[in-house]
Amino acid sequence: MQGKSIRLGIVVAEFNYDITQLMLQKALSHAKFLNAEVKVVIKVPGTFDMPLAIKKLLEKDFIDAVVTLGAVIKGETKHDEIVASQTARKIVDLSTEFNKPVTLGIIGHGATHEQAVERIEEYATRAVEAAIKLVQRTRKIDELKEVKETVIID
Ligand SMILES: Nc1c(NC[C@H](O)[C@H](O)[C@H](O)CO)[nH]c(=O)[nH]c1=O
Ligand SMILES: CC(=O)[C@@H](O)COP(=O)(O)O
């Protein structure tokens, strides 16, 4: 799978930056491996602060998809649930509002620091790969004309 001519934006949380900076490195290298272009990387204070940055990127014609990277780690209260669940909900809403993929590279909620560290590469590369696949496949939907036989898009 190649991400030729696919232009990505990345929104990365600074919160738990010991983890998210490594996620960013993995995401950038995976995007390069898949021949996708990362046009913009914007750092936001935390995961909860992502939606506005995501929306601003989606408004750009030169962005085909947005990748989010964050780590929501369990504290003493259920605040992590609010941060993660509300952001995830908004990510879905923005993706469908702008007809562009916004993929979820956010670890948690309820994760321990150790669990988050174990998931750095998996979540970062998965979010990049999903963004590229979705751009490629939704483009094929856009190109569809009259369908006489079942079309498999993969
Ligand atoms: N606890 C975590 C946060 N909390 C901060 C919020 O995301 C946000 O920056 C703040 O509420 C100001 O709006 N963020 C994470 O990314 N990860 C956490 O574990
Ligand atoms: C997920 C967070 O924002 C975290 O820092 C909250 O910690 P706490 O639940 O102890 O307030």
Side-chain angles (χ1 to χ4, degrees), residues 1-139 141:
M1 178 200 61
Q2 288 298 305
K4 190 157 182 56
S5 80
I6 291 178
R7 302 157 300 175
L8 303 177
I10 298 179
V11 179
V12 57
E14 291 174 306
F15 207 102
N16 296 316
Y17 198 57
D18 61 319
I19 294 170
T20 62
Q21 66 177 322
L22 298 177
M23 295 178 81
L24 178 58
Q25 289 174 16
K26 291 294 182 184
L28 290 170
S29 61
H30 202 53
K32 185 175 182 180
F33 172 71
L34 296 177
N35 202 23
E37 191 178 4
V38 178
K39 286 288 191 182
V40 178
V41 175
I42 179 171
K43 298 179 182 180
V44 294
T47 297
F48 188 80
D49 311 308
M50 289 184 174
L52 181 58
I54 295 167
K55 182 176 182 178
K56 294 278 185 187
L57 288 175
L58 292 172
E59 290 171 341
K60 298 298 182 186
D61 292 341
F62 60 82
I63 294 291
D64 298 311
V66 173
V67 173
T68 63
L69 302 172
V72 181
I73 292 177
K74 177 82 182 114
E76 295 174 0
T77 71
K78 290 187 178 290
H79 188 68
D80 63 321
E81 293 182 29
I82 294 172
V83 168
S85 58
Q86 293 303 314
T87 304
R89 173 73 264 164
K90 201 61 198 169
I91 284 173
V92 173
D93 293 344
L94 286 167
S95 178
T96 52
E97 178 186 349
F98 284 87
N99 272 322
K100 294 182 179 180
V102 183
T103 57
L104 188 68
I106 297 170
I107 299 165
H109 63 77
T112 65
H113 189 274
E114 181 183 7
Q115 287 172 328
V117 170
E118 290 168 352
R119 288 160 173 75
I120 287 170
E121 180 164 7
E122 176 191 358
Y123 276 58
T125 55
R126 181 166 63 198
V128 168
E129 201 146 326
I132 292 168
K133 285 180 177 177
L134 278 170
V135 170
Q136 290 174 329
R137 295 172 186 178
T138 52
R139 283 175 175 173
I141 295 175

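Just so we're clear, the structure is a prediction, and the values are computed from it rather than from any experiment. For ligands, and for the atoms within them, numbers begin at 1 and follow the listed sequence.
Nearest protein heavy-atom neighbour of atom 19 (O) of ligand 1: I73 N, 2.9 Å. Closest protein heavy atom to atom 2 (C) of ligand 1: F15 CE2, 3.3 Å. Atom 16 (O) of ligand 1 has its closest protein heavy atom at T47 OG1, 2.7 Å. In this structure, atom 7 (O) of ligand 1 lies nearest to the protein heavy atom F48 N, 3.0 Å.
Of all atoms in ligand 1, listed by their number and element, those nearer than 4.0 Å to a heavy atom of A71 are 15 (C), 16 (O), 17 (N), 18 (C), 19 (O). Heavy-atom contacts of N16 reach the following atoms of ligand 1: 17 (N), 18 (C), 19 (O) (cutoff under 4.0 Å). For ligand 1, the atoms closer than 4.0 angstrom to any heavy atom of V72 are 17 (N), 18 (C), 19 (O).
If you take CD1 on I82 and OG1 on T77, they are separated by 7.5 Å, rounding to the nearest 0.5 Å.
With sequence neighbours left out, F15 forms a side chain to side chain contact (heavy atoms under 4.5 Å, CB included) with no residue at all. In terms of the salt bridge (charged side-chain N to carboxylate O under 4.0 Å, His left out) criterion, K100 has no residue partners (sequence neighbours excluded).
The salt bridge (charged side-chain N to carboxylate O under 4.0 Å, His left out) analysis of residues 43-54, with sequence neighbours excluded, yields no pairs.
In this structure, the side chains of I91 and T87 come closer than 4.5 Å at one or more pairs of heavy atoms.
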Does ligand 2 have any N/O atom under 3.5 Å from a protein N/O, and what are those pairs and their distances?
{"from": "ligand 2", "atom 1": "9 (O)", "to": "E76", "atom 2": "N", "distance (Å)": "3.2"}
{"from": "ligand 2", "atom 1": "9 (O)", "to": "T77", "atom 2": "N", "distance (Å)": "2.8"}
{"from": "ligand 2", "atom 1": "9 (O)", "to": "T77", "atom 2": "OG1", "distance (Å)": "2.5"}
{"from": "ligand 2", "atom 1": "10 (O)", "to": "E76", "atom 2": "N", "distance (Å)": "2.8"}

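Between the choices I82, D49, T20, the shortest heavy-atom distance to atom 9 (O) of ligand 1 belongs to D49.
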